[in-house]
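The structure appears below as structure tokens.
All ligand and atom numbering here is 1-based and tracks the order in the structure. The structure displayed is predicted, hence computed values, not measured ones. Every heavy atom of this structure was used, including side-chain atoms; hydrogens, water molecules and symmetry mates were not.
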Amino acid sequence: MAERTLSGVGVTPLSGVGTVVWYRPDADLADPPAAEDVDATTELARFDDARTEAEAELKTERARTAERVGEEEAAVFDAHVQFLNDPQITEGVTDAIEDGLPAEHAVEQTFSGFVEQFENMGGRMGERADDLRDIRDRLLRLLSDGERVDLSSLPKGSVVLAERLTPSDTAQLDPTRVAGFVTVTGGRTSHAAIFARSLALPAVVGVGEGLQSVDDGTEVVVDGEGDRLVVEPDEETKTAAAAEADVHVRSGDVETADGVGIEVAANVGTLADLESAVDRGADGIGLFRTEFLFLDRESPPDEDEQYEAYVEALESFYHDRVVVRTLDVGGDKPVPYLDLPDEENPFLGERGIRRSLGPDSALFETQIRALLRAAGSADGTRLSVMLPLVATLDELFDARETFVSVSDDLESEGVAHEMPEFGIMIETPAAAFMADRFAPHVDFFSIGTNDLAQYVMAAERGNERVSDLGDYRQPAVLRAIDATVSAAEGHDCWVGMCGEMAGDPALTELLVGLGIDELSMSPVTIPQVKEAVTKTDTESAEAFAAHVLDADTKDEVVRRLADDDSPAQEN
Ligand code: PEP
Ligand code: MG
């Protein structure tokens with residue numbers, strides 16, 4: 001039988017070959033008995049027991065996820081515990097039981113109401129609907145004593161197909177046994193997508209109802225790079241996928257085909273991420289998101305705790321560069337004990353450097369003390385520091401003044417320290433426009449395309465309704481990147497990129513052609529990007545970049561990137 005293809009959204013640029021295993025957590029309930037036959041006291045006690053048991057399970061899964069994937073992903077289980085104990089939800093279920101429903105029907109009815117409300121809100125709130133479904137299914141399973149399909153012990157080479165995968169489901173997937181997963185629903189920013197990237201699993205989401213036509217036991221190729229699922233693949237497709245799956249990890253520095261060194265570094269959030277950065281062959285850390293040291297706790301880490309974390313990062317990358325970003329909270333990064341203001345538009349409010357120079361100035365000083373001490377302790381490794389969300393030169397100067405005054409304090413206290421390399425992120429249109437004025441005052445720029453695309457296009461990151469607009473392949477975003485690189489030319493200022501765009505191997509040639517010196521990404525795609533660097537010739541990459549930059553629309557950019565429309569063909 002000839003192979004057929006279903007399109008979706010690839011969330012990792014990885015491929016896997018395997019056999020379909022459908023995962024259908026069964027949430028269908030039989031009709032409830034008549035209200036007078038339901039004993040409310042018994043049902044309330046059953047609901048209470050299920051909640052207690054669910055909370056215990058969530059805590060175990062949280063610990064397992066923190067160990068296997070990382071703190072960032074584990075944090076989702078804290079949100080589940082909060083939902084589980086939410087007074088409005090508990091009251092809804094209790095009222096429904098008192099009105100004559102058995103516990104499972106009361107759970108189903110109450111949660112479905114909240115799921116619908118969150119879905120209607122769209123954007124990030126809409127994504128919380130998945131969390132609610134996850135808790136609902138957990139409670140229903142506990143209430144029905146049903147056996148949950150064990151995703152952690154699937155046969156080797158399984159490709160999991162599902163309507164959707166909740167965080168609890170994905171946390172159970174064992175990357176050594178599962179060849180990938182494909183879901184009917186979901187987008188690039190869904191929890192399942194984040195887990196896939198952390199576990200380096202081939203995954204395609206948002207395939208739509210057509211996925212239901214693929215039966216259990218069918219052979220498939222999950223082609224994350226090609227945004228597709230190939231059903232009953234022919235030998236050629238399978239061989240190509242297997243070759244891609246067998247990715248070659250290079251641990252040394254890489255050069256383009258004509259000998260230009262490009263640094264391929266890792267973005268890390270937790271110390272657990274450092275391990276995968278080393279495993280995937282990172283040349284250093286291009287972005288250490290220090291806010292993760294501040295999450296999931298009741299008070300900020302003190303100077304010594306931060307110092308230890310920075311030193312650990314430096315020790316993992318002996319002789320390489322480690323770029324630490326100062327605290328970047330606000331916007332989509334809440335930290336409960338910091339008492340962030342309630343703002344209409346948090347992405348346009350007090351976030352990043354604005355907080356460090358304002359209400360979080362004491363925290364900023366503590367962080368700088370820890371950073372300067374870590375820089376002083378670095379033996380062979382280079383610590384660099386960069387500031388998030390800079391929009392004005394004054395912010396840069398004020399922040400640098402704080403660095404100098406902290407350094408003076410450490411000097412007078414006789415504490416070993418050093419001034420690190422100093423840079424800024426280019427994440428705002430203001431910084432891109434003013435890049436020529438910033439360049440003489442910094443050692444480097446690091447382009448944060450996640451925020452830069454959001455602000456250039458006025459399209460909220462993570463909001464699926466405007467994801468096409470907020471795409472980093474929009475010509476306006478490419479122009480902002482090009483302007484930044486050009487502004488740095490002639491100054492002693494290297495240019496890196498640490499947004500998601502840097503980790504897309506389909507764009508490596510373009511980025512090298514635009515003149516980016518360092519690419520930093522989540523560890524999963526480091527081998528593919530390194531491979532792409534070695535195949536790039538800078539001279540043709542420059543011509544290619546000029547050709548792509550000349551496009552009028554995103555579609556045209558995409559076509560030119562796919563090389564259907566190369567400069568050679570035009571001549
Ligand atoms: C960015 O905005 O591109 C970036 C790397 O920072 P973050 O994703 O942490 O906001
Ligand atoms: Mg950012």
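Checked options R559, R560, K554; the residue passing with E556 is R560 (criterion: side chain to side chain donor-acceptor pair (under 3.5 Å)).
There is no side-chain donor-acceptor pair under 3.5 Å between S522 and N267. In this structure, a donor-acceptor pair under 3.5 Å is absent between the side chains of Y472 and N450. A side-chain N or O of Q367 and one of Y310 form a donor-acceptor pair less than 3.5 Å apart. Side-chain contact of Q474 with D471: a donor-acceptor pair under 3.5 Å is absent, judged by distance alone.
Its N, O or S atom nearest to the Mg ion (ligand 2) is what matters here, and for E427 that atom is OE2. Atom OD2 is the N, O or S atom of D451 at the shortest distance from the Mg ion (ligand 2).
At least one heavy atom of R325 lies less than 4.0 angstrom from ligand 1. At least one heavy atom of R461 sits under 4.0 Å from some atom of ligand 1. Heavy atoms of Q454 come nearer than 4.0 angstrom to ligand 1 in no pair at all.
Only backbone heavy atoms of T449 (N, CA, C or O) come within less than 4.0 Å of ligand 1; its side chain stays farther off. Of all the heavy atoms of L452, none lies under 4.0 Å from any atom of ligand 1, so neither backbone nor side chain is involved. Contacts of M425 with ligand 1, taken as heavy-atom pairs under 4.0 Å, involve the side chain alone.
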* To do: Decide side chain to side chain contact (heavy atoms under 4.5 Å, CB included) for V385 and E421; before the verdict, give the C-alpha distance in whole Å, the side-chain angles of both, and the deciding distance to 0.1 Å.
  => CA-CA 6 Å; V385 173; E421 201 184 23; over 6 Å; no

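Side-chain atoms of T449 never come within 3.5 Å of backbone atoms of L452 as a donor-acceptor pair (strictly under, hydrogens ignored).
Note on E518 versus R321: no salt bridge recorded, every NZ/NE/NH1/NH2 to OD/OE distance being 4.0 Å or above.
Close approach of ligand 1 to C498 is summarised as follows: ligand atoms under 4.0 Å from at least one heavy atom of the residue are 5 (C). In the vicinity of L287, heavy-atom distances shorter than 4.0 Å reach the ligand 1 atoms 5 (C). Heavy-atom proximity to D451, at under 4.0 Å, picks out these atoms of ligand 1: 1 (C), 2 (O), 3 (O), 10 (O).
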